[in-house]
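Notes follow once the structure below has been shown.
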Amino acid sequence: MRYQAPKGTQDLLPAQARTWAAFRRRAQEVFSLYGYEPIETPVFELSELFTRSAGESSDIASKEIFSVRSIGALQKMAEGEPLKADQKLALRPEGTASVVRAIAQHNLVPQGGAPAKLFYAGSMFRCERPQKGRLREFHQVGVECLGATDAVADAEMIIMCMRFFESLGLKRESMTLLINSMGDENCRPAYTERVRSYLKEHEDSLCEDCRRRIDDNPLRAFDCKNESCRKVVDGAPRFSDNLCDACRERFEAVKGYLDAAGIGYTVDPRLVRGFDYYTGTVFEVQVKDGLGSQNAIGGGGHYDKLMGEISGKDLSGLGFAVGFERVMLALEAAGIELDSGAPRGVYVVCVDESVRPTAFSLMQQLRDAGIPADGDTQSRSVKSQFKVAGKGNARACVVVGPDELSSGNVTVRDMDTHDEQLVATGELVEKIQALY
Ligand code: HAM
């Protein structure tokens with residue numbers, strides 16, 4: 001086979017593509033209960049949008065971006081000419097930066113206006129080392145709310161996320177909800193310095209990446225999966241002991257709302273998430289079984305400065321995203337099916353060429369009435385047409401033969417009971433509808 005899907009990508013074959021559609025529909029049902037409306041943004045944007053919002057030293061910006069260059073731009077590069085910003089494009093690694101950009105560009109939250117509440121669904125691209133639950137092209141549904149300021153919005157976001165997972169059939173006890181507060185511009189700089197000094201003291205036990213992170217962005221060491229780094233990080237100063245009063249009060253309020261809603265959570269002082277734009281509340285949902293190390297099925301948090309960086313005007317924002325492929329693995333492990341299968345249609349069996357025009361027209365009539373219908377296009381024998389109908393899980397076959405048709409009839413075979421009846425062509429649609 002000459003061509004295969006590129007490394008780290010996968011085709012969504014019909015059953016998976018139907019499941020992805022069901023997943024998006026479920027997301028829309030749940031998110032619209034909270035007032036969210038759909039938005040679609042381009043699959044590629046200016047690279048700078050993603051690198052600046054994620055943070056230049058984040059893994060996403062420094063290693064995982066898929067750059068997009070036109071042939072013209074590549075030629076310029078080869079000739080040593082510098083590229084302009086609008087020639088440096090990238091496939092989106094996430095939806096947040098794009099949605100915030102769109103909200104700013106179209107002024108969706110005018111001065112003093114109500115929050116913009118938007119949800120999206122689509123492919124995201126990260127050049128990671130592929131493994132189970134980690135792809136280079138994967139699918140997310142996500143939400144962003146721009147303009148809400150109060151702690152209650154953080155809690156509502158988390159509750160909506162958990163409600164979405166439950167609507168898919170995941171049991172609450174099969175998931176762990178981790179929460180943390182990452183502080184804000186008042187308390188985070190001093191905290192970051194404390195972590196930097198701590199890591200410097202333990203530099204010898206850190207991996208090469210984390211040693212580099214000490215200067216660039218010490219909090220990123222919290223994300224490192226290396227065993228020795230994890231041990232060091234376990235002893236690092238904790239966010240919770242270093243929050244300013246406003247951040248501490250806000251985090252307490254969020255926890256209070258979650259308690260009141262009966263949502264169980266674990267405070268994880270090491271939870272920093274992969275993007276530098278977060279401030280204040282962050283959260284992640286992990287599944288306990290079936291996913292190995294890639295067990296985060298969704299996550300998000302609050303971001304105060306992202307809109308300011310993108311548009312020059314601050315606006316408080318928050319959101320989360322959920323990974324389709326990981327949720328599917330979790331549902332599989334729990335034996336839950338989201339897709340109810342392809343709709344069962346009718347197969348029109350054409351006995352010989354003389355009746356083909358009638359068979360063709362009956363097929364159209366059935367489709368016009370909203371009944372999925374299919375028929376032979378390969379001049380197959382009657383026996384093989386029945387075989388095709390069986391394989392396609394047809395609900396019924398309509399057999400169009402010259403003898404029956406001469407008296408205005410066709411034969412309808414119920415494929416479940418194998419009962420057959422003669423039906424006048426004028427009554428076919430009604431008779432088939434009665435089978436459903
Ligand atoms: P994230 O945690 O990077 O957050 O991604 C959200 C979810 O996408 C993850 O929990 C995981 O299920 C899935 N995911 C991430 N990377 C991969 C991958 N390589 N392969 C398969 N699935 C993956 C964000 O993307 C933020 N934009 C969330 C957010 C929205 N924060 C605020 N608003």
Side-chain angles (χ1 to χ4, degrees), residues 7-10 12 20 23 27 31 36 39 41 45 49-50 53-55 58-61 63-66 91-101 103 116-146 148 153-154 157-158 160-161 164-165 168 170 175-180 182 223 271-287 290-307 310 316-331:
K7 190 173 162 190
T9 70
Q10 60 187 25
L12 295 184
W20 167 230
F23 186 80
F31 302 158
Y36 283 78
I39 184 165
T41 59
E45 301 258 4
L49 175 72
F50 299 127
S53 58
S58 65
D59 281 358
I60 300 258
K63 312 188 207 167
E64 295 173 6
I65 291 272
F66 275 103
L91 294 181
R92 61 181 180 194
E94 58 133 13
T96 310
S98 306
V99 171
V100 172
R101 193 263 312 133
I103 290 173
K117 293 179 159 191
L118 299 166
F119 74 87
Y120 50 92
S123 290
M124 306 293 157
F125 306 86
R126 296 183 194 175
C127 191
E128 299 191 81
R129 196 170 47 76
Q131 64 180 86
K132 184 180 173 189
R134 191 162 75 186
L135 291 151
R136 291 182 167 180
E137 182 191 16
F138 57 99
H139 298 78
Q140 278 188 344
V141 296
V143 300
E144 309 299 337
C145 172
L146 268 290
D154 295 10
M157 194 56 83
I158 297 172
M160 179 167 75
C161 181
F164 173 54
F165 286 129
L168 297 171
L170 286 173
M175 299 179 272
T176 308
L177 166 64
L178 303 175
I179 62 169
N180 191 21
M182 293 185 58
D223 265 347
L271 182 67
V272 289
R273 313 249 322 123
F275 300 92
D276 283 354
Y277 53 63
Y278 291 113
T279 48
T281 313
V282 286
F283 65 99
E284 192 158 283
V285 184
Q286 300 180 344
V287 280
L291 268 167
S293 61
Q294 304 302 313
N295 62 351
I297 51 174
H302 191 266
Y303 46 88
D304 260 345
K305 298 288 159 203
L306 183 55
M307 180 59 103
I310 288 174
S316 163
L318 68 162
F320 67 83
V322 171
F324 166 70
E325 285 80 2
R326 290 196 195 166
V327 171
M328 282 313 106
L329 290 170
L331 289 176

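Basis for what follows: all heavy atoms, side chains included, without hydrogens, waters or symmetry-related copies. All figures in this text were calculated on a predicted structure; none of them were measured in a lab. For ligands, and for the atoms within them, numbers begin at 1 and follow the listed sequence.
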Test of proximity, E325 against ligand 1: N or O pairs below 3.5 Å: no
Within-cut-off N or O pair, R134 and ligand 1, under 3.5 Å: no
Protein residue, atom and distance nearest to atom 9 (C) of ligand 1, heavy-atom basis: A296 O, 3.9 Å
Any donor-acceptor N/O pair, E128 side chain to E64 backbone, under 3.5 Å: no
Student check: side-chain heavy atoms of F324 and V141 closer than 4.5 Å: no
Polar side chain donor-acceptor pair, Y36 to E144, under 3.5 angstrom: no
Side chain, backbone, both or neither: F138 near ligand 1, heavy atoms under 4.0 Å: side chain
Those atoms of ligand 1 less than 4.0 Å from some heavy atom in Y278: 26 (C), 28 (C), 29 (C), 31 (N), 32 (C)
Whether F275 and Y277 hold their rings parallel, tilted or perpendicular, with breakpoints at 30° and 60°: parallel
Short side-chain to backbone donor-acceptor contact, E94 and A97, under 3.5 Å: yes
Those atoms of ligand 1 less than 4.0 Å from some heavy atom in G300: 31 (N)
Proximal atoms of ligand 1 relative to E94 (non-hydrogen, under 4.0 Å): 25 (O), 26 (C), 27 (N)
Test side-chain contact (heavy atoms from CB on, under 4.5 Å) applied to V143 and F320, step by step: CA-CA 6 Å; V143 300; F320 67 83; 3.5 Å; yes
Gap separating the CD1 atom of I39 from the OG1 atom of T41, nearest 0.5 angstrom: 6.5 Å
Side chains of M157 and C145 in contact at under 4.5 Å (non-hydrogen atoms): yes
Atom pair CZ (F31) and SG (C161), whose distance is rounded to the nearest 0.5 Å: 7.5 Å
Ligand 1 contacted by G133 (non-hydrogen, < 4.0 Å): yes
For atom 20 (N) of ligand 1, closest protein heavy-atom neighbour: L135 N, 2.9 Å
Where ligand 1 meets I297 - atom numbers and elements under 4.0 angstrom, heavy-atom basis: 10 (O), 12 (O)
Per-atom contacts, ligand 1 versus Y277 - under 4.0 Å to a heavy atom: 26 (C), 27 (N), 31 (N)
Heavy-atom nearest option to atom 28 (C) of ligand 1, drawn from S53, G299, G298: G299
The one among M157, H139, Q140, R326 that brings a heavy atom closest to atom 6 (C) of ligand 1: Q140
Exam field: side chain R92 to backbone M124, donor-acceptor pair closer than 3.5 Å: no
Closest approach of any protein heavy atom to atom 24 (C) of ligand 1, naming residue and atom: F275 CE1, 3.5 Å
Side chain, backbone, both or neither: the part of E144 lying under 4.0 Å from ligand 1 by heavy atom: side chain
Which residue and heavy atom of the protein sit nearest atom 13 (C) of ligand 1, plus the separation: G323 CA, 3.6 Å
Close approach, G274 and ligand 1, non-hydrogen under 4.0 angstrom: no
R273 touching ligand 1 at heavy-atom level, < 4.0 angstrom: yes
Under 3.5 Å side-chain donor-acceptor pair for S123 and E137: yes
side-chain contact (heavy atoms from CB on, under 4.5 Å) between R101 and V99, worked out: CA-CA 5 Å; R101 193 263 312 133; V99 171; over 6 Å; no
Electrostatic pair E284-R273, nearest N-O below 4.0 angstrom: yes
Part of Q294 with heavy atoms under 4.0 Å of ligand 1, whether side chain, backbone, both or neither: neither
Residue part near ligand 1, for R136, under 4.0 Å between non-hydrogen atoms: neither
Enumerated ligand 1 atoms positioned under 4.0 Å from heavy atoms of E128: 16 (N), 18 (C), 19 (N)
